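Notes for the one structure printed next.
Numbered from 1 within each chain, the chains take letters A, B, ... in sequence-line order. It should be emphasised that the depicted structure is a prediction, and the values quoted were computed from it without experimental measurement.
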There are 2 protein chains.
Amino acid sequence: MKKTAPTIRDVAAAAQVSTATVSKYINGAQRFSPKVEAALASAISSLGYKSNPLAKSMITGRTNTIGLSVLDITNPHFSSILKGANRVANDQGYSVLLVDTEETPSRERRTLEDLSLRVDGMIVFSRMREHEMAWMTEIDKPLVFFGSLSELPLPTVASDDHSGAFMLSQHLRMLGHKRIAYLGFSKSRRDEERLGGIRECLDAAGLPLTIYDADAPSLAEGERLCASIVLGSERPDALICYNDLMALGFMKEAENLGVAVPHDLSVVGFDNIPYGKYTTPALTTVDLQSERMGATAMEKLLAVIRGEPVEKLTRIAPQLMLRASTMARRA
Amino acid sequence: MKKTAPTIRDVAAAAQVSTATVSKYINGAQRFSPKVEAALASAISSLGYKSNPLAKSMITGRTNTIGLSVLDITNPHFSSILKGANRVANDQGYSVLLVDTEETPSRERRTLEDLSLRVDGMIVFSRMREHEMAWMTEIDKPLVFFGSLSELPLPTVASDDHSGAFMLSQHLRMLGHKRIAYLGFSKSRRDEERLGGIRECLDAAGLPLTIYDADAPSLAEGERLCASIVLGSERPDALICYNDLMALGFMKEAENLGVAVPHDLSVVGFDNIPYGKYTTPALTTVDLQSERMGATAMEKLLAVIRGEPVEKLTRIAPQLMLRASTMARRA
DNA sequence: CTGTTAGCGCTTTCAA
DNA sequence: TTGAAAGCGCTAACAG
């Protein structure tokens, strides 16, 4: 609890050198005579001097901070993205400033515009449609976006949701499922991609698809919508859920309703959150490699910041995780 | 992509006033004549002026940023804490700079000391023992700590782990369990408190307690240790796990091993992570109210920052969540 | 190798 | 109600 923290001038005075020398010394920008370096070292430690990062940032224009905006940090998909991104950032001397938009895009633009003034770059996961995002290109800071973009010239990192969905559908089809349903979440930009992959597969096989739509990508929504899917006259024999959270909620409620998974109905999801492996039955899902996506986005952003050239789109291949929630039938 | 962002001086020139006037105007520190305010408003919007927060921070010494340090952001307990803390921070105009120590305390001190120079205050969750934490009181920034402290004069927010553990044990005891075991995590500072609560209950009833210790508070560890707990000659009839993650991992593996929960063995945990409700059987646990803890810690910190007096310790009462993983026996 | 000199963009007395 | 002036703590040419 010092009265006033020592400044670079105090150090300069104590070591009998100029502030420029102190500055260069602490930044390792230059070597000095042993005598000077010794004086500097002792002055710094005896004063307990710490360089003020704010002053430094103001002049260099760099904050060593990256903004990361996600939709809901309690969703394991996003926690993992954050984990991966944060690890890479830390390794390279950066910190992460988090924005959790909590699925409410109203203040998103303001929030991100403000954020952009305090960071060296940002990584954004958003529900906005591409045409609502033009302002992002105006932001005068490097930015990496999660998801693929057709128009906007922004570097992106995306999972291949179309092919992940195709794989999942193909898998269900080959196991003999005939009445497949999709419990989607149309507010998401990835919903269409997943739906596209499912349709491509089922259309080719001449199989019908029933679609349900959730209001939120959550455990509670999967639970809530279960009865209407499972207790109708046309119960599907397989359900593809928009994500694992919904799948887990659905499976629990199905159990309560006396519908056995996978005996009566197969269930699959997306994301490969850790918990899907620990339910009974364990959930078959598409691993989107969340942590790796976060790490890749951060690597890409830091490359942009360093001025290195980067691909516009980095795709991360999804991977099917076969588990017990899926069962062969009519074989 | 402007060449150079407009500064307060550009605005002053465009509006024909001094920079001091612009400064006061944008900060709402003072009202001006309608003529001046109009000129200011139009100059600001036509130039697209944005106040540079770095310059402002340097001079005011406030960054409107709070540092939050947690042990593992993919653990739902911490995601929820972050959620609660972030929400409160945002509501009051603050952002959260996240530190994920990833259960490795080696660089923790350095990281936090550096962090302290970039934020207005910080909230810390740490595995450090109290005597290793004295340096925290030297940090010249408000700080709120998670967990109770006996010596250090730091404001804290803590769950009452002792009483939570007591409740849990009492519950098991009243259901007739006789051979209770604890799968703990001794690296954690809360492990002792939980163990204390368990012991207080069991000792009073003259019941023995077997203790196992995990290397990490994770799903994988619960899974790994299951066999040695369950396949020994003295299988317990109830297991209290350090947290829900371990409990879920344990339950899954128990199933694989042919041990039925709760028929053969009751299992309970701590935290009340959302996923415990969606397994079969659903997990009985102690709700530590993670999100509320995060929110409370942030409220407390912001109060300290505003200079308001705060209690040293805020305790959040834990709550027992009864679910199917526990069963009456020998009744 | 080391120092001098200008500021970065903003806030803040203090005067007018 | 408005402005002049003095920096915040630091870096970045440029000189020597």
Problem - Close approaches to DNA chain D from residues 21-30 of chain B, in residue order (heavy atom, under 4.0 Å) - result: B:Thr21, B:Lys24, B:Gln30
Practice task
Please answer whether the main-chain N or O of A:Thr63 pairs with a side-chain N or O of A:Thr65 as donor and acceptor at a distance below 3.5 Å.
Solution key: yes
Practice task
Would you check if the side chain of B:Lys300 reaches a backbone N or O of B:Ala295 as a donor-acceptor pair within less than 3.5 Å?
Solution key: no
Exercise for the section: Using the test ring pair (Phe, Tyr, Trp, His ring centres under 6.0 Å), find all partners of B:Phe146 that sit at least two apart in sequence or belong to another chain. Expected result: B:Phe125
Exercise for the section: Check salt bridge (charged side-chain N to carboxylate O under 4.0 Å, His left out) between B:Glu308 and all other residues, then give those that pass, not counting sequence neighbours. Expected result: B:Arg306
Exercise for the section: Give me the residues of residues 8-19 of chain A where at least one heavy atom lies under 4.0 Å from an atom of DNA chain C, by number, or none. Expected result: A:Gln16, A:Val17, A:Ser18
Problem - Nucleotides bounding contact with chain B, strand DNA chain D, heavy-atom threshold 4.0 Å - result: D:dT1 to D:dG9
Exercise for the section: Specify the residue among B:Ser33 and B:Met58 whose closest nucleotide of DNA chain D lies further upstream toward the 5′ end. Expected result: B:Ser33
Practice task
Evaluate salt bridge (charged side-chain N to carboxylate O under 4.0 Å, His left out) for B:Asp91 paired with B:Arg87, printing each intermediate quantity in order.
Solution key: CA-CA 6 Å; B:Asp91 285 352; B:Arg87 189 173 290 155; over 6 Å; no
Problem - Salt-bridge present (B:Lys141, B:Asp120; N to O < 4.0 Å) - result: no
Problem - Spacing between B:Lys56 atom NZ and C:dG9 atom C1', to the nearest angstrom - result: 12 Å
Practice task
Under 4.0 Å from any atom of DNA chain D, heavy atoms only: list the residues of residues 110-119 of chain A that qualify, in numerical order.
Solution key: none
